[in-house]
Amino acid sequence: MAVHILHIDSNHPLLWDQLEQAGFVNHEDFTSSKADIEAKIHHYQGIVIRSRFKIDQTFLDKATNLQFIARVGAGLESIDCEYAQSKNIALIAAPEGNRNAVAEHSLGMILSLFNNLNQADAEIRAGHWNRESNRGHELDGKTVGIIGYGNMGKAFAKKLRGFDVDVLCYDIQENVGDANARQVHFTEFQEKVDVLSLHLPWTPETDKMVSADFINGFAKPIWIINTSRGKNIITADLVAALQSGKVLGAGLDVLEYEKLSFETLFQDATTPEAFQYLLNAKNVILTPHIAGWTFESHERLAQVIVDKIKALYS
């Protein structure tokens with residue numbers, strides 16, 4: 001019996017083509033409302049999503065024949081995973097697909113912050129040739145701390161091998177350290193880190209994790225890079241730390257204010273005061289949730305999802 005798959009977001013065409021070649025029956029619906037999708041989801045054994053809407057209990061109760069949910073991305077926070085698993089629905093994600101892209105973006109943010117690249121470029125374009133005020137820092141000799149040592153964290157640590165840096169990792173899982181990063185207790189982590197890079201999912205445990213108390217627990221002033229999820233940082237507390245000098249600079253690919261779909265920034269039309277500060281801060285780099293959003297990862301994510309769906313039925 002054929003497995004029917006509903007695609008509710010566009011993806012790299014190889015995903016559709018290879019599933020079709022493997023004997024799956026593809027259907028697409030990129031525009032209907034969640035309610036309309038719910039009305040017909042019982043016809044499908046599989047669904048392929050990115051982040052268009054939340055797959056909640058209401059949706060899952062209507063998906064009476066669903067066998068898998070495949071998210072073309074790293075995280076599964078848009079899915080009620082516990083409820084889906086209680087219905088024996090397989091959950092598929094593709095952190096392997098964009099880990100290299102995230103790692104390169106994280107490294108690029110650090111080097112840009114350390115060398116004032118964005119600021120210097122803007123000043124020259126405005127007719128200013130300021131050398132002393134753009135004197136930079138070197139990454140060599142620093143301690144880089146990675147929180148969350150899964151696919152993304154490990155890929156980032158690998159990128160740091162060419163630098164003379166000490167790389168530490170902290171993770172709730174035991175024994176995840178490797179040749180590229182030494183796993184330590186959080187006390188040692190906060191004592192030694194110069195650069196903090198977040199590679200975490202968004203969970204109840206990580207929500208608003210980076211608070212004033214968290215930041216002030218570090219022994220030294222730090223740089224912060226966040227390519228994971230925006231709601232892991234309390235923006236107002238980060239801004240206060242930037243103002244006090246406890247945080248020397250920040251590279252943020254994700255923001256607290258993003259909608260779940262990641263496609264738009266604000267929940268409403270107002271600009272939060274803390275975000276307005278970030279917009280004007282010279283020691284802050286902002287990008288629109290694109291760390292894992294390369295041409296190469298677009299294809300690689302799709303391939304990982306295809307391979308995992310095929311493996312599910314092999």
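A side-chain donor from one of W202 and D207 sits under 3.5 Å from a side-chain acceptor of the other. A donor and an acceptor atom, one from each side chain of S51 and S78, are nowhere located under 3.5 Å apart. Judged by distance alone, the side chains of H7 and N26 do bring a donor and an acceptor atom under 3.5 Å apart. Judged by distance alone, the side chains of N232 and T206 do bring a donor and an acceptor atom under 3.5 Å apart. Side-chain N/O atoms of Q276 and T271 include no donor and acceptor closer than 3.5 Å. For the 3.5 Å distance criterion, the side chains of N100 and K158 fail to qualify, holding no donor opposite an acceptor. Side-chain atoms of D61 and Y83 form a donor-acceptor pair, as typed in the model, at a separation below 3.5 Å. Side-chain N/O atoms of H289 and T287 include no donor and acceptor closer than 3.5 Å. For the 3.5 Å distance criterion, the side chains of S228 and N226 qualify, holding a donor opposite an acceptor. Under the 3.5 Å distance criterion, with hydrogens and angles disregarded, no donor-acceptor pair is assigned to the side chains of Y170 and E188.
Between R300 and E296 there is no salt bridge, since no side-chain N of the basic residue sits under 4.0 Å from a carboxylate O of the acidic one. The residues K40 and D36 are annotated as not salt-bridged, no charged nitrogen and carboxylate oxygen being separated by less than 4.0 angstrom. At a threshold of 4.0 Å, the pair K308-E96 counts as salt-bridged, since one of the basic side-chain nitrogens sits closer than that to a carboxylate oxygen. Between K87 and E82, none of the side-chain N atoms (NZ, or NE/NH1/NH2) sits under 4.0 Å from a carboxylate O, so this pair counts as no salt bridge. Contact check on D166 versus K142 returns no salt bridge, with no Lys/Arg side-chain nitrogen under 4.0 Å from an Asp/Glu carboxylate oxygen.
Counting non-hydrogen atoms of other residues, nucleotides and ligands closer than 6.0 Å to CD of E138 gives a total of 12 or fewer. Atom CZ of F30 has more than 12 neighbouring heavy atoms from other residues, nucleotides or ligands inside a 6.0 Å radius. In the displayed structure, I172 atom CD1 is contacted under 6.0 Å by at most 12 heavy atoms of other residues, nucleotides or ligands.
Ring centroid separation for the pair F186 and F214 comes in under the 6.0 Å cut-off.
Under the 3.5 Å distance criterion, the side-chain polar atoms of S297 are left unmatched by any main-chain donor or acceptor of A101. Looking only at distances, a side-chain donor or acceptor of Q183 sits under 3.5 Å from a matching main-chain atom of V176. For the pair D29 (side chain) and I8 (backbone), a donor-acceptor distance under 3.5 Å is absent. With H128 contributing its side chain and N130 its backbone, the two residues share no donor-acceptor pair below 3.5 Å. Not one N or O on the side chain of D80 forms a donor-acceptor pair closer than 3.5 Å with the backbone of D56.
Looking at heavy atoms from C-beta onward, I55 lies in side-chain contact with I69 at the 4.5 angstrom threshold. Counting heavy atoms from C-beta outward, P201 and R229 have side chains that stay 4.5 Å or more apart.
Paired with Y149 under the rule side chain to side chain donor-acceptor pair (under 3.5 Å), one option of N180, D178, D171 passes, and it is D178.
Ring geometry, W223 versus F114: the interplanar angle falls from 30° to 60°, so the pair is classed tilted.
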Pair H4-H27, ring pair (Phe, Tyr, Trp, His ring centres under 6.0 Å): steps then yes or no
CA-CA 7 Å; H4 292 251; H27 300 263; 5.5 Å; yes
Hey, mind stepping through I41 and I47 against side-chain contact (heavy atoms from CB on, under 4.5 Å) and telling me if it holds?
CA-CA 8 Å; I41 192 60; I47 185 169; 4.0 Å; yes
Passes salt bridge (charged side-chain N to carboxylate O under 4.0 Å, His left out), E77 versus R71? Steps please.
CA-CA 10 Å; E77 65 267 32; R71 179 167 184 266; 5.0 Å; no
